[in-house]
Amino acid sequence: MLALKFILLMAVCGISSAVQGGGMSNIGLALSSMCVFVYSLFPMVVLLMLVCAGLVYAGGQILGAETRSRANVWATAMLTGALIGVLIISLAPTVLSYMYGTEGYFDWQNCNFGE
């Protein structure tokens, strides 16, 4: 949750500085830099969620029955969240390219659709 708030804060700061600095032309630059930031941060977040899910599951096995069942639910939720995140970030560029009519590959390093 804290990481989501941080990303949202970075997005708001980037967009507000783009509007103040050069108008509408810099908004695209700010959104593109935010996109590159999210794509570069995403593998670390997924790995962190997988490791935390394993730690929560292992820690829950040591404790009592009620805590064990809660830990199983938490670990499953973390694994499901990581899987859904991977699906969204890998399928979204393809879906968007077909929606906007630019059938091609998605260059995540520059966050643009190429031919």
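Computed from heavy atoms alone, side chains included, the values below leave out hydrogens, waters and symmetry copies.
Of all heavy-atom pairs spanning Leu87 and Ser90, the tightest one is O-OG, 3.2 Å. Of all non-hydrogen atoms in Ala75 and Ala53, the two that sit nearest each other are CB-O, 3.4 Å. Heavy-atom minimum distance, Ala71 versus Gly60: CB-CA, 3.5 Å. The shortest heavy-atom contact between Leu50 and Ala82 is CD2-CB, 4.2 Å.
In this structure, Thr67 contributes its side chain and Leu63 its backbone to no donor-acceptor pair below 3.5 Å.
Each of Val51, Ile89, Val86 was evaluated against Val46; a single residue qualifies, Val86, per the side chain to side chain contact (heavy atoms under 4.5 Å, CB included) test.
Considering CG of Leu48 and CG of Leu55, their distance stands at 9.5 Å, rounded to 0.5 Å. How far CG of Asn72 is from CD of Gln61: 5.5 Å, rounded to the nearest 0.5 Å. With rounding to the nearest 0.5 Å, the separation of CH2 in Trp74 from SG in Cys52 is 13.0 Å. Rounding to the nearest 0.5 angstrom, the gap separating the CG atom in Leu83 from the CD1 atom in Ile88 is 10.0 Å.
For Phe42, the CZ atom is densely surrounded, since the number of other residues' heavy atoms within 6.0 Å is greater than 12.
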